[in-house]
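Only one structure is covered here, and it is reproduced in the block below.
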There are 2 protein chains.
Amino acid sequence: MSGRAAAGQRLPTLEDVARVAGVSRATASRVINGIRNVDPQLHELVWEAVGRTGYVPNRLARSLVTRRTGTVALVVSDSETHDDDPFMGRFFADPYFGRVVGGLMSVLRRSGVQLALQIVGTDEQRTRLVGDLRNGQADGVIVLSLPAHDPLPRMLTEGEVPAVMIGRPADTVPINYVDLANDIGAALAADRLVGRGCQLIGMISGPVDVPASSDRISGFRRSMARRGHGWIPLASGNFTQASGEAAMCSLLTGHPGLDGVFVANDLMAVGALTALRAAGRRVPQDVAVVGFDDSSAALAASPPLTTVRHPLEDMAAESARLLLSRIDDASMRVSSVIYEPTLVIRESA
Amino acid sequence: MSGRAAAGQRLPTLEDVARVAGVSRATASRVINGIRNVDPQLHELVWEAVGRTGYVPNRLARSLVTRRTGTVALVVSDSETHDDDPFMGRFFADPYFGRVVGGLMSVLRRSGVQLALQIVGTDEQRTRLVGDLRNGQADGVIVLSLPAHDPLPRMLTEGEVPAVMIGRPADTVPINYVDLANDIGAALAADRLVGRGCQLIGMISGPVDVPASSDRISGFRRSMARRGHGWIPLASGNFTQASGEAAMCSLLTGHPGLDGVFVANDLMAVGALTALRAAGRRVPQDVAVVGFDDSSAALAASPPLTTVRHPLEDMAAESARLLLSRIDDASMRVSSVIYEPTLVIRESA
DNA sequence: AACACTTCGGAAAGCGCTCTCCAAATCATC
DNA sequence: GATGATTTGGAGAGCGCTTTCCGAAGTGTT
């Protein structure tokens, strides 16, 4: 049907289509883009020529003039690390990243929008990124910001690049974001642990300077205080399984009577489970454990983790929708969406 | 330092830089791209103008003429499913995807190459994709092909698009690929299980029509046969945890005396562990379990899984290197790399 | 039949950049 | 100092596409 140009040849251009159809380039363009009314007869002729030549519009050329690329960038903003730092590897291996991509794609695919992945580690890379974006490299960006104080969000707003963050920025920046009510999630965990009758309840947190983490800490503390637990033992890790195991050990050493623990993410919770088992504590009989994220690790753990469900896919999808409408309507005011987590009860608490 | 153009304004172009520096566009271009010798004085002038104007080259325009985008596409080729099919979500949530991205990025980042994500489900989308690629949408592609018989690899070679597959194509296609010696991995598992003294050994496989999966089956069968186990009970799942649990149940029903099982991936192995526990079997005392992948689930499982380590990041990195050199040298012959897996011994076997 | 109004196709001006070609300038050589 | 060989800067032709502008043709009204 479609006469593919012999491989290796110059590909057919709009010019070729126009010639074959016997019309001007302008008319061919109008037909192909469905713009304005075109005589049905010519219309037909053009499409036939498209079929015969095997024409495929060149997106680059089109973007150059329309100033629209049909591409959205997912930028992962990392703090300055060595190139060989294995951290990024760990980040990608964590289901977090994939869930975000999946959520974004579920929306972007429908709109025929592409996703381009960008990783920036240094300020120089950030500057270059913003420059490229202002130049129309992508129509907008979804930002996944890892460092506690990231200059990127501000750079983006100043550069007037349509952007949506997943997770609230640490500093106050007028940028759209989609976030989770981390404090509510922590309160859910507190409820469960206290409701179960736990007396001495500890917490294993993530790094204290990233917003998602500090919100979980403060939310947990506040909620526990309201229930008469004025002080709770705290150990912090870095969201990895190993750090969770270490934190659990230190918690157990300082407070042997611990009978409940809230862990700020599932991966660390799995580590905590290991430490607990090694210490001869049964879960949930001796120590109840509540995790956070409801990642696949929660279900795989034994016992399966009671955990705060983080609707990450939904949040990512929403951020994509937000970005898309922001791209269509530049005048859109900054608006953000906060999702409420729910508690998934399994066996660990 | 850099005089940012007021936001919302037209961005400075090469033309502007040339004017400010008092040279021609051609000279400015040459200086910026470091091409040919340029009078050191002009050189200086141009860079100064770049700084003063805050000029950032427009990649789109550049790509249009150079026919190089500095972008590589990661294509996930899926079989035709409903748009709302949750399968893709599961795929992204699995660490497999993230590990591939991480491996690719570790190489691409260094070369300043971007990664664009593409998902194609229907043949129409595949056709459009190849068209776009031939038009120079990306310099090459890394293909992650899911369906058993995917037309994409052949379309890509016929379209002369530089491509590297991760995982061997099911049909014989002259395309570069990076794969794992799945059969050797299966043999490693067989060794371990037999070496432990297991008498009745079963296997839980993935879908029988995808190469990675069938290679594990045939490799395991062959290796077991060589050790005197002419026939092994087989149940198959679809690589999900739930399917692993179900498969284990059916295996146990048919062969209550089972004392060893090789599971074709860790996620299913975790499911199998659950089924085993429910059936009152201790692991590894009653039944030894060997998984495949060494994903994070293996370490999180209890007991931690003995598993065949799949060096996915390394493979992805290698595929990126292969693609990059293929892009630089179009004449490069088809060449593939096969990685050998290793066995990671933990507690489950 | 003359007028204003609308509809529609084509010519051509770019979008921002690279790169070929040419002329001018520089250098070396005898 | 004249000649040829080599550098080096600028003019301008595109890359493939969209879109403005304009004139020609068609429609309807008095």
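In what follows, every chain begins at residue 1, and chains take the letters A, B, ... in the order their sequences are listed.
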* To do: Please state whether the rings of A/F92 and A/F97 are parallel, tilted or perpendicular, taking 30° and 60° as the class boundaries.
  => perpendicular

Select base, sugar-phosphate, or nothing to describe what [X] touches, counting heavy atoms under 4.0 Å on all strands.
X: A/S29; answer: base
X: B/R67; answer: sugar-phosphate
X: A/L42; answer: sugar-phosphate
X: A/R30; answer: base
X: B/N135; answer: nothing

Starting the side chain at C-beta, find the nucleotide from [options] nearest to [X].
X: A/T27; options: C/dG10, D/dC17, C/dC17; value: C/dG10
X: B/R25; options: C/dC17, C/dG10, D/dC17; value: C/dC17
X: A/D39; options: D/dA11, D/dG16, C/dG9; value: C/dG9
X: B/V65; options: D/dT19, C/dG16, C/dA12; value: C/dG16
X: B/L64; options: C/dG16, C/dA12, C/dT18; value: C/dG16
X: A/I35; options: D/dT19, C/dT18, D/dG16; value: D/dT19

* What pair of heavy atoms forms the shortest contact from B/V50 to B/V17, and how long is it? ->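 Where B/V50 meets B/V17 most closely, the heavy atoms are CG2-CG1, 3.9 Å.
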
* To do: Could you verify whether a donor N or O on one side chain and an acceptor N or O on the other, from A/D150 and A/S77, lie under 3.5 Å apart?
  =>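 Short answer, yes.
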
Could you tell me how far apart [X] ([atom1]) and [N] ([atom2]) are, to the nearest whole angstrom?
X: B/R59; N: C/dC15; atom1: CZ; atom2: C1'; value: 18 Å
X: A/N58; N: D/dG14; atom1: CG; atom2: P; value: 18 Å
X: A/R68; N: D/dT19; atom1: CZ; atom2: P; value: 11 Å
X: A/D16; N: D/dC17; atom1: CG; atom2: C1'; value: 13 Å
X: A/L14; N: D/dG14; atom1: CG; atom2: P; value: 18 Å
X: A/R62; N: D/dC15; atom1: CZ; atom2: P; value: 18 Å
X: A/L60; N: D/dG16; atom1: CG; atom2: C1'; value: 9 Å
X: B/Q137; N: D/dC17; atom1: CD; atom2: P; value: 13 Å

* To do: Determine: side-chain N/O of B/T13 to OP1/OP2 of C/dG16, distance under 4.0 Å, yes or no.
  =>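 No, B/T13 has no side-chain N/O under 4.0 Å of OP1/OP2 on C/dG16.
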
* Asked: Is a salt bridge present between A/D16 and A/R52, judged by a nitrogen-to-oxygen distance below 4.0 Å?
  ->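 No, this pair does not count.
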
* SB check B/D139 B/R326 (cutoff 4.0 Å) ->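 Result for this pair is no, no salt bridge flagged.
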
* Structure fact -> Result for 5'-nearest mapping on DNA chain D, choosing between B/G22 and A/N33, is B/G22

* Hey, could you give me the CD/OG distance between A/Q137 and A/S63, rounded to the nearest 0.5 Å? =>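 The distance works out to 10.0 Å.
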
